[in-house]
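Both backbone and side-chain heavy atoms feed into the values below; hydrogens, waters and symmetry mates do not. Note that ligands are numbered from 1 as they come in the structure, with each ligand's atoms numbered from 1 the same way.
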Amino acid sequence: MSIDITPSGEACGAEVRDVDLSAPLSDAEVEDIRAAWLEHHVLSFPDQPMSDDDLERFTLYFGPFGDDPFIAPIEGRKHVIAIRRDADEQSSLFAENWHTDWSFQETPPAGTCLYGITIPPQGGDTLFANQHLALQKMTAELRAKLEGKMAIHSARAPYAKEGVYGDADREARSMDIQPSDEAYEEQLHPVIRKHPETGEEAIYGCAGYTTGFDGMAPMDSLALLGELLAWQTRDEFVYRHKWRENMLVMWDNRSVLHRATGGYEGHARLLHRTTIGERV
Ligand code: SIN
């Protein structure tokens, strides 16, 4: 039986059924999932009771594990982190800024897998913004400002010791975030780049980790970043994902931005996450 894929009808995203992720997948199933992932950019798999072993096995069908800095893995695992918020937690929401995972790395992860374990009764949706679509619909004027530009990516704002998740934040936060001076390192990536597997152009990177543009004055960079962010995240490019327990979501970091949302005060939220490294 082949897998069943239902597009969200929004800017990206599809739901996948008729596959059991708690058991090894056939080559045909992996190929179908890969093709759907490249086409829809965000796939959700509802009703999939999965262990961390299952999550790791699924991840490795699509590439090696990514390198996940700054957040300690859960006990007994090297490649699984917990996206966690306790019911009474007062820290700022984790990952609330639009971003694509670890874009400050030389070779950022191709994708991310996130598995819902404890899901609040309301709120806690994840938003995804389709960056192929955002580029296709971009005005010629904005595109001309971005064409050929290299963006500077850095983890400084969130993960430096004085950053948002820095030393002053650690006590209030249930997630084991480990800020470090490595967060000051910078990496350049083209703002408009071809998806390494499909060749389709997309906007890459966004406010969360982009600090400016190479060779541009800081104030000019800031103004262009603001204009770009407003465009990239217009409602018409966004898919709002609603979670359920035992649901796996995988997304393509080369195609979409994402961000967490709140609205579940007084309720706990726990998800386990792996990243899919780029095949180089
Ligand atoms: C993440 O950015 O990995 C977390 C997204 C979320 O918590 O919804």
Colleague: Give me the atom names and distance for the closest heavy-atom approach of Asp101 to Pro108.
Modeller: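 Answer, listing the atom of Asp101 first, then Pro108: O-CB, 4.0 Å.
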
Colleague: Considering all heavy atoms of both residues, which atom of Arg84 and which atom of Glu89 are nearest to each other, and what is their separation?
Modeller: O-OE1, 4.3 Å

Colleague: So is Trp243 polar-close to ligand 1, meaning N/O to N/O under 3.5 Å?
Modeller: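 N/O-N/O distance under 3.5 Å: no.
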
Colleague: Which ligand 1 atoms does Arg269 reach within 4.0 Å, using its non-hydrogen atoms?
Modeller: 6 (C), 7 (O), 8 (O)

Colleague: Are Trp98 and Ile203 in one and the same hydrophobic cluster, where Ile, Leu, Val, Met, Phe, Trp and Tyr link if side-chain heavy atoms are under 4.5 Å apart?
Modeller: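 Unlinked, Trp98 and Ile203 end up in two clusters.
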
Colleague: Which residue supplies the protein heavy atom nearest to atom 4 (C) of ligand 1, what is that atom called, and how far is it?
Modeller: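 Checked against all protein heavy atoms, atom 4 (C) of ligand 1 sits closest to Ala95 CB, 4.1 Å.
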
Colleague: Find all atoms of ligand 1 within a distance of less than 4.0 Å from any non-hydrogen atom belonging to Ile83, and give their numbers and elements.
Modeller: 7 (O)

Colleague: So, does Asn130 use its side chain to make a donor-acceptor pair with the main chain of Cys12 at under 3.5 Å?
Modeller: no

Colleague: Checking Asp53 against Arg77 for the salt bridge (charged side-chain N to carboxylate O under 4.0 Å, His left out) test, could you report, in this order, the C-alpha distance in whole Å, the side-chain angles of both residues, the deciding distance, and whether it holds?
Modeller: CA-CA 9 Å; Asp53 281 343; Arg77 303 274 160 180; 2.7 Å; yes

Colleague: Have a look at ligand 1 and work out which part of Ala260, if any, has a heavy atom under 4.0 Å from it: side chain, backbone, both or neither.
Modeller: both

Colleague: Looking only at distances, please establish whether an N/O atom of ligand 1 is found under 3.5 Å from an N/O atom of Thr126.
Modeller: yes

Colleague: Please find the pair of heavy atoms, one from Phe70 and one from Ser180, that lie closest to each other, and give the distance.
Modeller: CE2-OG, 3.7 Å

Colleague: Give a yes or no on this: more than 12 heavy atoms of other residues, nucleotides or ligands lie within 6.0 Å of atom CD of Gln122.
Modeller: yes

Colleague: For ligand 1, does Arg273 get within less than 4.0 Å through its side chain, its backbone, both, or neither, judged by non-hydrogen atoms?
Modeller: side chain

Colleague: If you measure every N or O of His258 against every N or O of ligand 1, does any of those distances drop under 3.5 Å?
Modeller: yes

Colleague: Return yes or no for this condition: an N or O of His99 is under 3.5 Å from an N or O of ligand 1.
Modeller: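 N/O-N/O distance under 3.5 Å: yes.
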
